[in-house]
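Data block below; observations after.
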Amino acid sequence: MSQIELPKAYNPADFEDRLYQFWLDNDLFSPRGEGEPFVVAIPPPNVTGVLHMGHGLNNSLQDALVRYWRMKGRPTLWVPGTDHAGIATQQVVENQLRKEGKSRYDLGRKAFVERTWKVKEDHHAIISQQLKKIGASLDWKRERFTMDEGLNHAVRHVFVTLYERGLIYKGRYLVNWDPEAQTAISDDEVEYKEVQGALYHIRYPFADGSGFVQLATTRPETLLGDVAVAVHPTDERYAGLVGKLLKLPVADREIPLLADGFVDKEFGTGAVKITPAHDPNDFEAGRRHNLAQINILNPDGTLGPNVPERYMGLTTKAAREKIVAELTELGLFVEAVPHKHQVGHAQRSGAVVEPYLSEQWFVRMKPLAEKAMEALRTDQIRFYPKRYESTYTTWMEGIRDWCISRQLWWGHQIPVWTCDDCGQVHVKMEAPTACEKCGKTALTQDPDVLDTWFSSWLWPFSTLGWPEATPDLAKYYPTTAVVTAYDIIFFWVARMVMAGMEFTGKAPFRDIYMTPLVRDAKGRKMSKSLGNGIDPLEVVAEYGADALKFTMVYLSSQGQDINLDKEGFKLGSKFANKIWNASRYLLMNIPTEGILPPEQLSKNGVDLWIEGRLNAAIRAVDTAMLAYKYNDMGHTVYEFFWNDFCDWYVEATKLELYADDPKRRQQAASKLVHLLEESLRLMHPFLSFITEEIYQKLPGHAFSLVTAPYPVAMTERDHPEAEAAFGALQDLVGGIRRVRSEFAIDPAKDIEVIVSLEKDYAHAAFLNQNRALVAQFAGSERLGFAAGAPKPDGTVTVVGKGYETWVLVRDVIDLPKELDKLAKTLTKTKQYVQSVENKLSNQAFVNSAPADIVEGERKKLSEAQDSIRRLMAYQKELQG
RNA sequence: GGGCGAUUAACUCAGUGGUUAGAGUGCUACCUUCACACGGUAGAAGUCCCAAGUUCGAAUCUUGGAUCGCUCACCA
C-alpha cells in the first residue's frame with residue numbers, strides 16, 4: 001500500500017556524502033534569522049595533521065550543539081579554520097628535505113617558506129574533507145587560517161599594541177631550548193617525564209690544597225659551565241670555608257665557595273654547583289651573586305663555546321661519560337647513585353629540553369592574567385564542568401612571562417626592524433622605509449617568528465575580521481561557546497580569554513565546555529607510538545558518521561574520559577539501524593489515502609501517553625543542552641525512540657495499522673508519521689544524516705531538517721493520567737510475559753488469561769478499553785477481564801497493584817518451583833514492608849520529611865501490604 | 001610535595017539527600033511472528049572502595065584512610 005520505500009539495509013555510505021553536498025549547495029550552514037546569535041569558532045586543527053579521534057569527539061559535540069541551536073532558530077555560526085602549527089609543520093617539510101638529502105639552509109628562507117605553503121595547501125584539502133566526512137555543519141565561506149593575510153594583520157597589530165603598552169619586551173634569559181628544532185619554546189611546551197638517571201657525587205678540591213668539597217649533580221657535564229659552589233649560610237659543616245676558592249677540575253678554573261639560602265642542607269652533601277647558563281635556579285643565584293654566565297652548548301645541543309678543545313662537538317651524553325672518566329682518573333669521582341628525576345622534553349619534537357641562554361621576546365603576562373581572572377569573577381565565562389575554574393585560576397595566579405619568539409621560518413615573522421647602521425629598533429605594522437633615527441634605509445627584520453599560539457589566542461575575533469570593524473565582528477562577537485579538550489586549557493583557552501579581554505574588552509566566549517579525552521579500551525592515551533588510535537574516518541567508513549557522532553554524544557559525560565575501542569561505535573550504528581528500520585516500516589505503511597493533518601487526528605489513551613513521553617524527552621534534551629550534558633541528550637533520545645516509540649507505541653499501533661477499516665488505518669499511519677517526523681527533528685542534532693535522509697522521504701516534508709524547527713515541549717501535551725494508565729498496562733503485560741517465559745510456554749501459543757480487577761481500580765476503564773491491545777502484547781487472544789469471578793483451576797497468579805492476573809498453565813505448573821518463587825517474593829516484599837513501616841513509625845521522619853514524601857511512603861506501604869495479602873492467599877491456595 | 005579526579009553489575013559507565021540503585025555491552029533461556037537477529041521477550045548478576053560522622057533519611061554531604069589516574073612544582 002505504500003508509495004515510498006527505503007532500501008532494506010541501512011547503509012550510510014549510500015547517502016551521507018550526497019546529503020552533505022546538498023546542505024552545502026543550499027548554503028544551509030550560514031547563519032540566518034534574527035535574534036541572539038549562537039557562535040562557535042572551531043578549535044583549529046593543525047593543518048598538516050590528520051583528523052584523530054580527539055577531533056572526532058570534539059567536532060561531533062560541536063556539531064550537535066550548533067545544529068540544535070540552529071534548529072532553535074538562532075542565527076548560528078560555526079567558523080571553520082586551521083592552524084599553521086609552527087614547529088610541527090616546519091618539521092614535516094624538514095623531514096621531506098632530509099629524505100632528499102637537503103636541509104632548510106640549502107633552500108634558503110624564501111624557498112623554504114614557499115614550499116611549506118604548498119605542503120599546507122595539500123594537507124588543507126585533506127583535513128577539510130575529513131571534517132566534511134563527519135558531517136560538521138561548518139560555514140565554509142568563512143573559513144580562516146592562522147597565517148592568512150587577515151590573521152597576519154591581526155597578529156602584527158597585537159604585537160605592536162602590546163609593545164606600545166609595555167607588555168612585550170626583549171631580553172637575554174634562560175629559556176627552554178629544543179635542540180632538535182633548534183628554537184626556544186615556552187614553559188607550557190615542556191613536558192616533564194620521570195627518567196631514571198643518577199646522582200653523581202664529585203669532589204672539588206680547594207685551590208690551596210686544603211681538602212675538598214663534595215657535591216652531587218645529575219648532570220656532571222655542566223661542570224664545564226660552573227662558576228661557583230654554594231652551601232647554605234647556616235650549614236655548620238661548611239662554617240669558615242665560605243669565601244675560599246675551589247679549583248674546578250677538568251676546566252681548570254678557580255671558582256668561589258659561597259653561601260646562599262636557596263641551598264637545601266638535607267639534599268646530598270649540602271653543597272651545590274652553580275651553572276648559571278644551564279639551570280634556572282643557578283641562573284637566579286648567579287644574578288644574586290653577580291656571577292659570570294658561561295654557555296657551554298651549541299644550538300644543536302652539542303658542547304660548544306667555552307669548553308676545552310677536547311670537548312668541542314661532543315653530545316651531552318658523550319661529554320658526561322668523558323667527564324666522569326676524567327674525574328675518576330683524578331680521583332675526584334666518588335660514586336653514581338641511581339636517581340629518578342623529572343626531565344623536561346619538548347612537546348613537539350620529544351627532545352630533551354636544555355635550559356639555554358639566549359635573547360628572546362617575551363609577553364608580560366601578569367596584567368593580562370588579571371583581566372582574564374576578572375572575566376571569571378564577573379561570570380563572563382563559565383566552565384563546564386565547573387571544577388576547571390580552579391585549574392584556570394591556579395594557572396593564572398602562578399603565571400610567568402611567555403616566551404613568544406621561535407627560531408623558525410614557518411610562522412608570523414616578528415614585526416621588528418633594526419637599523420643596520422645605528423641599531424635603532426622599530427616595532428611597526430609595516431617595514432619602515434628608513435630609520436627613524438638616522439634616516440638610513442638599510443634595516444633588517446628580526447628573523448624569528450612568533451609562537452603559533454600567538455595567533456591562535458586571537459582566533460575567536462581575528463576570524464571575524466578584527467581588528468577591522470567588520471559586520472561579522474559586530475554581529476557574531478563575542479562568540480557563545482568554545483568546545484575543546486581539557487588538555488589545551490592553558491595553551492589556548494586561558495590565553496584566548498586574556499587576548500579577548502585585553503583587545504576587545506570582552507571575554508571571547510561565554511561557555512567553555514571541556515570535552516573528555518578519548519582513550520583506548522584499556523584507558524591509555526591514544527598515540528601514534530602505541531598504535532592504539534582509532535581513525536574517525538575508518539569509523540565513518542565502517543559504521544557511518546551518525547554512529548560516530550551519536551556514540552560520542554552518548555558517552556560524553558562531564559569530566560570523565562572515554563575508554564573505547566572501535567567496536568564501541570556499534571552502539572551508535574545499532575541505534576541508527578533501528579531508526580532506519582522503524583522508518584522503513586512506517587513508510588511502507590503509508591496509506592494510499594495519504595496522511596491526515598494533525599488537527600484531524602483523534603487521539604486515544606495510547607496516543608496521549610506517547611505524546612507525554614515525547615514532551616518529556618524534549619524537555620530533557622533542552623535541559624541537558626543548556627548544561628552541556630551530552631550523555632543525557634544521548635540517553636534521552638535513545639530511550640524515547642527505542643523503548644517508548646518502537647517497543648511500545650509502534651507495536652501498539654499495529655492493531656490499527658492492520659485494521660480492516662481504511663479510516664482506522666489512515667488515522668494510525670498519520671499519527672505514526674507525525675510522531676516519526678517530530679522524532680527525526682528531535683534526533684537530528686545527534687544523527688544528522690540518517691534523520692535527513694528519512695525526513696526527505698516523508699510526505700509533506702519541509703526543505704531540510706537542518707533548518708526545520710526543533711520540537712518544543714508543550715504543556716497541553718502533558719497527560720499524567722494517560723501516562724499512569726499506560727504504565728499500568730505495561731506492568732500487566734510484563735507480568736503475563738514473565739509467566740510465559742518462566743513456564744516456557746511457546747510464544748506462538750495462545751493462552752487463556754483472566755485479569756481480575758479490583759473494584760474502584762483506577763485504571764480499570766483504560767485496561768478494559770484496551771483489552772485487544774493487552775491481548776496482543778501478551779500473546780493471548782482469549783485474555784479477558786473479570787470482576788468477582790471465581791478463579792479457575794490450573795492457573796498461576798500474578799499479583800498486581802489493584803488486580804490479579806490468572807494465567808492458565810494447567811498441568812505444566814511445577815508446584816515446588818512455584819512455591820519456592822512465591823516464598824522468595826513474599827520474603828522480599830515483607831522486608832520491604834518492614835522497612836517502610838519502620839520509617840513511618842519514626843516520629844522524626846513523619847515530622848521532618850516533606851509531606852509528599854511521607855504520603856508517597858504511605859501509599860507504597862498500602863500497596864505492598866495489599867500485595868502481601870494476595871501473595872499469601874495464593875500461597876495458601878497452592879498448598880491446599 | 002601541592003591541586004584535581006576516579007573507585008557503583010563480568011566490562012565500560014550514568015546516577016550529588018527521599019521508590020526495592022540504572023544504562024550499554026557481555027552472559028542465560030526462548031523466539032528465523034510479514035520494520036529490524038545491528039532484532040524481540042524474559043532472566044541472572046551490585047556489602048555503591050573502607051571507616052567514622054552529620055541527617056528522620058547517605059551511592060549522594062563532612063572527616064580520615066586505601067588504591068588508581070591526571071596535573072602543577074627549581075630539590076641540584
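The chains referred to below are lettered A, B, ... by the order of the sequence lines, with proteins before strands, and numbering in each begins at 1. These numbers come from the heavy atoms of this one structure, side chains and all, not from hydrogens, waters or symmetry mates.
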Taking everything shown except [X] itself, do over 12 heavy atoms lie less than 6.0 Å from its [atom1]?
X	atom1	value
Lys828(A)	NZ	no
Lys801(A)	NZ	no
Glu266(A)	CD	no

Nearest listed nucleotide, side chain of [X], among [options]:
X	options	answer
Ala849(A)	A14(B), C75(B), C56(B)	C56(B)
Lys574(A)	U20(B), C70(B), C38(B)	C38(B)
Asp264(A)	C36(B), A23(B), C75(B)	C75(B)
Cys646(A)	A35(B), U71(B), G24(B)	A35(B)
Val650(A)	C74(B), A35(B), C31(B)	A35(B)
Tyr486(A)	A23(B), C70(B), G39(B)	C70(B)
Asp647(A)	A76(B), A35(B), U41(B)	U41(B)
Arg400(A)	A73(B), C70(B), G24(B)	A73(B)
Tyr832(A)	U19(B), A35(B), A76(B)	U19(B)
Tyr658(A)	G24(B), A76(B), A35(B)	A35(B)

With a 4.0 Å limit, can you tell me whether [X] has a side-chain N or O closer than that to the phosphate oxygens OP1/OP2 of [N]?
X	N	value
Lys821(A)	A44(B)	no
Lys839(A)	C56(B)	no
Arg738(A)	U41(B)	no
His339(A)	A76(B)	yes
Arg737(A)	A42(B)	yes

Could you check how far [atom1] of [X] sits from [atom2] of [N], rounded to whole Å?
X	N	atom1	atom2	value
Trp642(A)	A35(B)	CH2	P	17 Å
Phe641(A)	A23(B)	CZ	P	20 Å
Asn581(A)	C38(B)	CG	P	11 Å
Glu742(A)	U41(B)	CD	C1'	12 Å
Ile274(A)	C75(B)	CD1	C1'	13 Å
Ile853(A)	U19(B)	CD1	C1'	9 Å
Lys828(A)	U19(B)	NZ	P	16 Å
Glu567(A)	G24(B)	CD	P	18 Å

Review point. If we require ring centres under 5.5 Å and near-parallel planes under 30°, does Phe267(A) stack on C75(B)?
Key: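 Here Phe267(A) fails the 5.5 Å or the 30° condition.
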Using the [atom1] atom as the reference point in each nucleotide, state the distance between [N] and [M] in Å, no decimals.
N	M	atom1	answer
A42(B)	C4(B)	P	46 Å
U41(B)	C48(B)	P	30 Å
A45(B)	C27(B)	C1'	9 Å
A29(B)	C13(B)	P	29 Å
G2(B)	A14(B)	C1'	31 Å
U55(B)	U16(B)	C1'	15 Å
G53(B)	A44(B)	P	36 Å
A6(B)	G15(B)	C1'	15 Å

Review point. Could one point to a donor on the side chain of Glu651(A) or the base of A35(B) with an acceptor on the other under 3.5 Å away?
Key: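 By the distance-only test, yes, there is a pair.
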Check your understanding: Any N or O donor-acceptor pair linking the side chain of Lys570(A) to the base of C38(B) at under 3.5 Å?
Key ->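 Answer no: no donor N or O sits under 3.5 Å from an acceptor.
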Practice item. If the plane angle is over 60° it's perpendicular, under 30° parallel, otherwise tilted; pick one for Phe575(A) and Phe641(A). Key: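 Plane angle over 60°, so perpendicular.
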Practice item. Fit a plane to each ring of Phe267(A) and His339(A), take the angle between them on a 0 to 90° scale, and name the class: parallel (under 30°), tilted (30 to 60°) or perpendicular (over 60°). Key: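 It falls in the perpendicular class, over 60°.
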What nucleic acid atoms does [X] come within less than 4.0 Å of, heavy atoms only: base, sugar-phosphate, or nothing?
X	answer
Thr394(A)	nothing
Gln560(A)	sugar-phosphate
Tyr554(A)	sugar-phosphate
Val846(A)	nothing
Lys273(A)	nothing
Lys654(A)	base
Ala748(A)	nothing
Ala744(A)	nothing
His201(A)	nothing

Can you tell me the pairing partner of [N] across any strand shown, Watson-Crick or G-U wobble, with both distances under 3.5 angstrom?
N	result
A35(B)	none
G64(B)	C50(B)
A23(B)	U12(B)
G18(B)	C56(B)
A45(B)	none

Review point. Taking the six-membered ring for Trp, is the centroid-to-centroid distance between Phe383(A) and Tyr388(A) below 6.0 Å?
Key: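 Here the rings of Tyr388(A) and Phe383(A) have centres that are no less than 6.0 Å from each other.
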**Study point:** Ring centroid separation Phe686(A) to Phe550(A) under 6.0 Å
**Key:**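 Between Phe550(A) and Phe686(A), which both carry aromatic rings, the centre distance is not below 6.0 Å.
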Exercise for review: With RNA chain B as reference, determine whether Asp187(A) or Glu266(A) sits nearer its 5' end, using the nearest nucleotide of each.
Suggested key: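 The residue closer to the strand's 5' end, by nearest nucleotide, is Asp187(A).
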Check your understanding: For Ser557(A) and Lys525(A), take the nucleotide of RNA chain B holding the closest heavy atom to each; which residue's nucleotide lies nearer the 5' end?
Key ->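 Nearest nucleotide further toward 5': that of Ser557(A).
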Check your understanding: Is it true that the NZ or CZ of Lys654(A) lies under 6.0 Å from the centre of Tyr585(A)'s six-membered ring and within 45 degrees of the ring axis?
Key ->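 Yes, a cation-pi geometry.
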Review point. Do Glu656(A) and Arg665(A) meet the salt-bridge criterion of a basic N to acidic O distance under 4.0 Å?
Key: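 Salt bridge between Arg665(A) and Glu656(A), a charged N being under 4.0 Å from a carboxylate O: no.
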Check your understanding: So Asp561(A) and Tyr486(A), side-chain hydrogen bond (donor to acceptor under 3.5 Å, both in side chains) or not? Walk me through it.
Key -> CA-CA 10 Å; Asp561(A) 287 348; Tyr486(A) 61 79; 3.0 Å; yes
